[in-house]
Student: 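Here you go, one structure.
By convention in this document, chain letters (A, B, ...) are assigned in the order of the sequence lines, proteins followed by strands, and residues within each chain are numbered from 1.
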Amino acid sequence: MKYNPSLIEKKWQRKWSELEIFKAEIDHTKTKYYVLEMFPYPSGAIHMGHVRNYTLGDLIARYKKAKGFNVLHPMGWDAFGLPAENAAIENKTHPSKWTDSNIESMKIQLKQMGLSYDWDRELKTCDPDYYKFEQKMFLDFYKAGIAYKKETLVNWDPIENTVLANEQVVDGRGWRSGAEVEKKKMKGWFLKISDFADDLLNEIDNLVEWPEKVKTMQRNWIGKSFGATIQFSIKNSSEKIEVFTTRPDTIFGATFIAISPQHPFAKKIAKKDTEVSNFIKFCDKNSIKEADIEKAEKYGYQTNFSVSHPFKKNLSLKIFIANFILMEYGTGAIFGCPAHDQRDYDFAVKYSIDIIPVIKTKEKLPYTGDGIHINSEFLNHLNIEDAKRLCIEKLNNLKIGKEKVTYRIRDWGVSRQRYWGCPIPIIFCNECGEVPVPREQLPITLPEDINFNNKGNPLEYHPTWKHVKCPVCKKNATRETDTFDTFFESSWYFARFTDLNSSNAFTDEAIKYWLPVDQYIGGVEHAVMHLLYSRFFMRALKYLDCINIEEPFTSLQTQGMVCHRTFKNNKDQWVFPTEIEKKGNKFIHIDTKETIFAGRTEKMSKSKKNVVDPQQIIENYGADTARFFILSDSPPDRDMEWSESGVEGSWRFLNKLWKFVNNLPNHKTCNELPAKLTERNRALLTIMNTTISDVTKSIDDFHFNIAVASIRSLFNSLSAFKIENDNDTKVIIYVIKNLLILINPMTPHLAEELWNYLGNKNTISRENWPKVDLKYITKKNIKIPVQVNGKVRAVIEVPMNLSEKEIELIARKEQNVLKFLNPNPKKVIVIPNRIVNFVI
RNA sequence: GCGAGCGUGGCGGAAUGGUAGACGCACUGGACUUAAAAUCCAGAGUCCGAUAAGGACGUGGGGGUUCAAGUCCCCCCGCUCGUACCA
């Protein structure tokens, strides 16, 4: 029989579902293992990034199950968000309908991949049964002071009269209107993640199974820095400007003050000075993106005001308003020390400001390293650390400054001026102010009749939805029309998966048993925000006594992107790989026959047309081939290149395996190893046991491509083995059964089918992972290289654990070594079982 | 701009500081076939050498530590991710 994936894959998917093999239930006799992949946004069709992510997770889930764990492996939909509203505007479909039909088609695709999800736990975040809990959480946060309202800057499109997401700002202009975007102040809801900053930072050290790079990024994002605030008195005024600095030691190098355009003092003087207000307006152009602000040319406006130096009263420093000073960081004001800070230096050169070095150095300015202070009165001769300490002490004594710890992280703004999100349960009343929606009125659901033709937030324009009576005074009032940031939903979905039917957000028993997630897998693009918000959320909920965990994810793996070659025609237009055929070394267009040029390999994107549709791959080769190729190509955390020939290679291998098993003689009768083994049998069992050991280790290390390579090697040895008698057959079948269990997490349908073919009544999904039999893999001899001056000149085979002296003697006898050993080596390095190196 | 990561044959990639290139793809030769495809067997980093023995070079570039560096340290280049309202 030929290998026909479409037939066997459907068959086994149905069996798994009938047998409820992947249904997860609390079982206190077993150790639990919770595997989770980042749930997808239901965009309409799965892409290779999804295929990769979910294949990785499925391998772990099936592997851990075979290892005896009680595995929870759920899947759901991150269903709120901007694309649904864009689709509503463009195609006139309701976001809810659009989302649901997308979920439906993506679910079919995921099922075709044969992923071991417990589909009974499927959730979608746009379901009121999901988001109603968020409204309760928000009210708890509000009551506890974790949620609060404040003013913030947003991107404002003056033509569309709407707030734009950063993504919707392209080169400083609105993506639809093309209007120059302005910064606008607006009130919004915030969560006090800053209150948890220290704990979030400190506990990073305990996330031992997280990638170091993610931890570093989170540490830097939180950005705890020790410094000082210093008050500068404004000349001819009773007012003061407070600055924050991480380098109080450079105070004697201060030659100017710079404040944010949003700083209260800047606004105050703008009222009387049109030049200042014009400059502030100028700064308000451009988006709120940090990268845009930082990359924009740095401008300063020199005001007519100056401050006096705190320690040198006769020295005065001009106050500048500068577009690169962020109001959100520190105090929104700095002192500039051009000699020891690159940005201050550039600014000083541009505006001809004095540069006073205060640290002795021979290097050119600006110099940011350590050294002895000069030109600094009482700080002279001190290094940075001591000077910092002494300066802060003096500031304290004079009551003009103090030590200050600052964080880069800002509170989490959760308000979005959009329809397709979870409504925020607050009512605004002219008499009573902000009033929380009474609990018994929850959930506040979205109105279904909604019009996207108006500018701005559709909820604002709904004729009735926002008009309510104040719960306190019963007078006319209005609802909050902002909805939540979709990171709100993804900050706790992993907890909801533990018990989808609970009438509360969670049940204690399920939380206690299943959480935390043992293995979380997703794209590195979520390294900071989603993962940090989730960590914060658990802490906030714990603070409210809702949950008893802090860290949601014990182990984290981040996967790289799926890339593909790009192709262009001679008109510089992108061409789909499916439109191309290879002729020799050249590519030509299948229809037009024009020459096509291959470009760089880049991340798959629709705009560059270098996409491969998983659906096509599954239809042509089956899910197992797609899965096997994805696992074999690259280690998960690196970018991988999707290549047609690589897929072909995987397809060929699975076919070889299929044929090999189907050609085995007397396969249904033998189940055990024969009593007597030949040398050849033992050699094969040695390879098998080595493979079991290697595959196990590679999977534990998340090096799935090496696990695949080991399995292929084992198979190569199997096919090279000549069957001479019945005993040989028994050995072969014994080995192939083990191989099937090893490959099952990768290609589960094929493994099941062949397992069944070999006469096994049980499903392979319930088989135990094979154990290594040490008696086959203890080595007697070992080959070690012999080097002369670090270059390999020979390889010798010696008994394991031979003494250094004996190894050296054997090494010296090698012809190709001997000729270098005159005169005698200066030094001989022998590392038993490793290497010999003669240094001459 | 800032933060983080990555860079190894023609290609994807292997390698506790200890034989660089496992495994695969592409390629070349052979077997089978009327022929092709498929399949099977063999070869192979580059250069010198004879297709051998043997040798030189070789992990983005430059420098350093070490008996020994793809791996550790410093500088540079290139690419990728994130940068707080995309998810």
Student: May I ask you to say what A:I409 touches in the nucleic acid, namely base, sugar-phosphate or nothing, with a heavy-atom cut-off under 4.0 Å?
Tutor: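 Touches a base.
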Student: Identify whether the distance between the nearest side-chain nitrogen and carboxylate oxygen of A:K187 and A:E151 falls below 4.0 Å.
Tutor: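 No, A:K187 and A:E151 are not salt-bridged.
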Student: Indicate, with a heavy-atom threshold strictly under 4.0 Å, whether A:G223 touches base, sugar-phosphate, or nothing.
Tutor: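 No contact.
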Student: Pick the P atom in B:C48 and in B:C40, then give their distance to the nearest Å.
Tutor: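 That atom pair is separated by 34 Å.
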Student: Taking any strand in view, what nucleotide pairs with B:C72 in a Watson-Crick or G-U wobble way, both distances under 3.5 Å?
Tutor: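 Per the H-bond distance test, B:G64.
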Student: Can you tell me the distance, in whole Å, between the NZ atom of A:K289 and the P atom of B:A84?
Tutor: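 In whole Å, B:A84 P lies 8 Å from A:K289 NZ.
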Student: Which part of the nucleic acid, if any, lies within reach of A:R712 when heavy atoms closer than 4.0 Å are counted: base, sugar-phosphate only, or nothing?
Tutor: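 Sugar-phosphate, backbone atoms only, no base.
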Student: Looking across every strand, which nucleic acid part, if any, lies under 4.0 Å from A:T486 by heavy atom: base, sugar-phosphate, or nothing?
Tutor: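 Sugar-phosphate, backbone atoms only, no base.
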Student: Along nucleotides 64-72 of chain B, 5' to 3', which nucleotides get a B, which get an S, and which get a -, given that the test is a protein heavy-atom distance under 4.0 Å?
Tutor: ---BS----
Student: Can a side-chain donor-acceptor contact be found between A:D694 and A:S710 if the only test is distance below 3.5 angstrom?
Tutor: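 No, no side-chain donor-acceptor pair sits under 3.5 Å.
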Student: Any ion pair linking A:K149 and A:E480 (charged N to carboxylate O, less than 4.0 Å)?
Tutor: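 Salt bridge: yes.
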Student: Reading RNA chain B from 5' onward, which residue's closest nucleotide shows up sooner: A:D639 or A:G81?
Tutor: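 Counting from the 5' end, the first nearest nucleotide belongs to A:D639.
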Student: So if I take every side-chain heavy atom of A:N705 and compare against B:U19, B:A84, B:G13, which nucleotide ends up nearest?
Tutor: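 The nucleotide sitting nearest to the side chain is B:G13.
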Student: Which is more 5' along RNA chain B, the nucleotide nearest A:V836 or the one nearest A:S632? Just name the residue.
Tutor: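 In this pair, the answer is A:S632.
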Student: What's the gap between B:A22 and B:A44 when it is taken at their C1' atoms, as a whole Å value?
Tutor: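 Approximately 15 Å lies between the C1' atom of B:A22 and that of B:A44.
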Student: What does A:S415 touch in the nucleic acid at a heavy-atom separation under 4.0 angstrom: a base, only the sugar-phosphate, or nothing?
Tutor: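 Base contact.
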Student: Which one is paired to B:U33, where only Watson-Crick or G-U wobble pairs with both distances under 3.5 angstrom count?
Tutor: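 The answer is none; no pair meets the criterion.
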Student: Could you check whether A:E37 pairs with A:R52 (Lys NZ or Arg NE/NH1/NH2 to Asp/Glu carboxylate O, under 4.0 Å)?
Tutor: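 So A:E37 does not pair with A:R52 through a salt bridge.
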Student: Need the pair for B:U80. Rule: Watson-Crick or G-U wobble, both distances under 3.5 Å, any strand; none if unpaired.
Tutor: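 By the stated definition (distances under 3.5 Å), B:A4 pairs with B:U80.
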Student: Let me know the distance between CG of A:D633 and C1' of B:C11, rounded to the nearest Å.
Tutor: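 About 10 Å, once rounded to whole Å.
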Student: Whole angstroms only, please: what is the CG-P distance between A:L82 and B:C86?
Tutor: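 Spelled out: CG on A:L82 to P on B:C86 is 8 Å.
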Student: Taking atom C1' in both B:A53 and B:A31, compute the distance separating them and give it to the nearest angstrom.
Tutor: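 About 31 Å, rounded to a whole number of Å.
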Student: Go through the side-chain N and O atoms of A:R176 and A:N86 and say whether any donor and acceptor fall under 3.5 Å apart.
Tutor: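 Indeed, the side chains of A:R176 and A:N86 share at least one donor-acceptor pair under 3.5 Å.
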Student: For B:U46, give the paired nucleotide (Watson-Crick: N1-N3 plus N6-O4 or O6-N4; G-U: N1-O2 and O6-N3; both under 3.5 Å), or none.
Tutor: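 Base partner found: B:A56.
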Student: Answer with base, sugar-phosphate or nothing: what part of the nucleic acid does A:F487 contact at a heavy-atom distance below 4.0 Å?
Tutor: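 Since a base atom lies under 4.0 Å of A:F487, the category is base.
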Student: Name the nucleic acid region contacted by A:K826, choosing base, sugar-phosphate or nothing; use a 4.0 angstrom heavy-atom cut-off, strictly under.
Tutor: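 The residue A:K826 makes no contact with any strand.
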Student: Each nucleotide in nucleotides 51-57 of chain B should get exactly one letter: B, S or -. Can you fill that in based on protein heavy atoms under 4.0 Å?
Tutor: ---SSSS
Student: Hey, is the side chain of A:R652 poking within less than 4.0 Å of OP1 or OP2 on B:A26, counting only N and O atoms?
Tutor: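 The answer is yes; a side-chain N or O of A:R652 sits under 4.0 Å from OP1 or OP2.
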Student: Do we see a donor-acceptor contact under 3.5 Å between the side chains of A:T558 and A:D637?
Tutor: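 Absent: no donor and acceptor within the cut-off.
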Student: Mind checking if A:P635 touches a base, just sugar-phosphate, or nothing, with heavy atoms under 4.0 Å?
Tutor: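 Sugar-phosphate contact only.
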Student: For B:C85 and A:R416 - does any side-chain N or O of the residue sit under 4.0 Å from the phosphate oxygens OP1/OP2?
Tutor: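 Answer is yes, contact under 4.0 Å.
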Student: Could you give the distance separating B:A20 and B:A37 at their P atoms, to the nearest angstrom?
Tutor: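 That atom pair is separated by 39 Å.
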Student: Roughly how many Å apart are B:U8 and B:A56, using the P atom of each and rounding to a whole number?
Tutor: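 The same atom, P, in both gives a distance of 26 Å.
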Student: Under the ring-ring contact (aromatic ring centres under 6.0 Å, His included) test against A:F629, which residue among A:W651, A:Y621, A:W642 passes?
Tutor: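 Looking at A:W651, A:Y621, A:W642, the match for A:F629 under the ring-ring contact (aromatic ring centres under 6.0 Å, His included) is A:W642.
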Student: Should the pair A:K224 and A:Y407 be classed as cation-pi, given the thresholds of under 6.0 Å to the six-membered ring centre and 45° from the axis?
Tutor: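 No; the conditions do not both hold, so A:K224 does not lie above the ring face of A:Y407.
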Student: When you compare B:U33 with B:G10, how far apart are their C1' atoms, in angstrom units rounded to a whole number?
Tutor: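 My reading of the C1' atoms in B:U33 and B:G10 gives 31 Å.
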Student: Measure up the A:F537 and A:F488 rings against each other and bin them: parallel (under 30°), tilted (30 to 60°), perpendicular (over 60°).
Tutor: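 A:F537 vs A:F488 ring planes: perpendicular.
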Student: Testing the 3.5 Å rule here: is there a donor-acceptor pair between the side chains of A:S194 and A:D411?
Tutor: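 Yes - a donor-acceptor pair under 3.5 Å links their side chains.
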Student: What is the separation between atom CD1 on A:I743 and atom P on B:C23, rounded to the nearest whole Å?
Tutor: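 Going from A:I743 (CD1) to B:C23 (P), I get 17 Å.
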Student: Using both distances under 3.5 Å as the test, list the Watson-Crick or G-U wobble partner of B:A15, or none.
Tutor: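 Checking every strand shown, B:A15 finds no partner, since no pair has both distances under 3.5 Å.
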Student: Could you write nucleotides 1-8 of chain B as a row of B, S and -, 5' to 3', where a protein heavy atom under 4.0 Å of any base atom gives B, of only sugar-phosphate atoms gives S, and otherwise -?
Tutor: B-BSS-S-
Student: Quick test of your reading of the model: are A:R173 and A:E160 salt-bridged, counting only N-O distances below 4.0 Å?
Tutor: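 Between A:E160 and A:R173 there is no salt bridge, as every charged N stays at least 4.0 Å from the carboxylate O atoms.
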Student: Is any side-chain N or O of A:Q417 under 3.5 Å from a base N or O of B:C85, one able to act as donor and the other as acceptor?
Tutor: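 Yes, the side chain and the base share a sub-3.5 Å donor-acceptor pair.
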Student: Applying a 4.0 Å non-hydrogen cut-off, can you work out what A:H526 is touching in the nucleic acid: base, sugar-phosphate, or nothing?
Tutor: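 Base contact - A:H526 has a heavy atom under 4.0 Å of at least one base atom.
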Student: Should the pair A:K697-A:D701 be classified as a salt bridge under the 4.0 Å nitrogen-to-oxygen rule?
Tutor: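 Looking at A:D701 together with A:K697, the answer is yes, because their closest N to O distance falls below 4.0 Å.
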Student: Give a yes-or-no answer on whether the side chains of A:W412 and A:D485 include a donor-acceptor pair shorter than 3.5 Å.
Tutor: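 There is such a pair between these side chains.
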Student: Using 4.0 Å as the upper bound for N to carboxylate O, is an ion pair formed by A:E294 and A:R343?
Tutor: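 Yes.
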Student: Whether A:N716 contacts B:C23 is assessed here as follows: a side-chain N or O lying under 4.0 Å from the phosphate OP1 or OP2. Is that the case?
Tutor: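 Negative; the distance criterion is not met.
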Student: Which nucleotide in the set B:A87, B:G24, B:A15 lies at the smallest distance from any side-chain heavy atom of A:D78?
Tutor: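 From the listed options, B:A87 comes nearest.
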Student: Remember a base hit wins even if backbone is also touched, and classify A:M561 as base, sugar-phosphate or nothing at under 4.0 Å, heavy atoms.
Tutor: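 Sugar-phosphate: the residue A:M561, judged by heavy atoms under 4.0 Å, touches backbone atoms but no base.
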Student: Sticking with atom P, work out how far B:C77 lies from B:A68, rounded to a whole angstrom.
Tutor: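 Comparing P positions in B:C77 and B:A68 gives a spacing of 30 Å.
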Student: With C1' as the reference atom in both, quote the distance from B:G3 to B:U65 in angstrom, rounded to an integer.
Tutor: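 The same atom, C1', in both gives a distance of 29 Å.
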Student: Let's test this: given Watson-Crick or G-U wobble pairing with both distances under 3.5 Å, identify the partner of B:U51.
Tutor: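 When the pairing criteria are applied, nothing turns out to pair with B:U51, so the answer is none.
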Student: Using the rule side-chain contact (heavy atoms from CB on, under 4.5 Å), only one of A:V695, A:I630, A:L631, A:I743 pairs with A:V708; which is it?
Tutor: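 Checked A:V695, A:I630, A:L631, A:I743 against A:V708; only one passes side-chain contact (heavy atoms from CB on, under 4.5 Å): A:L631.
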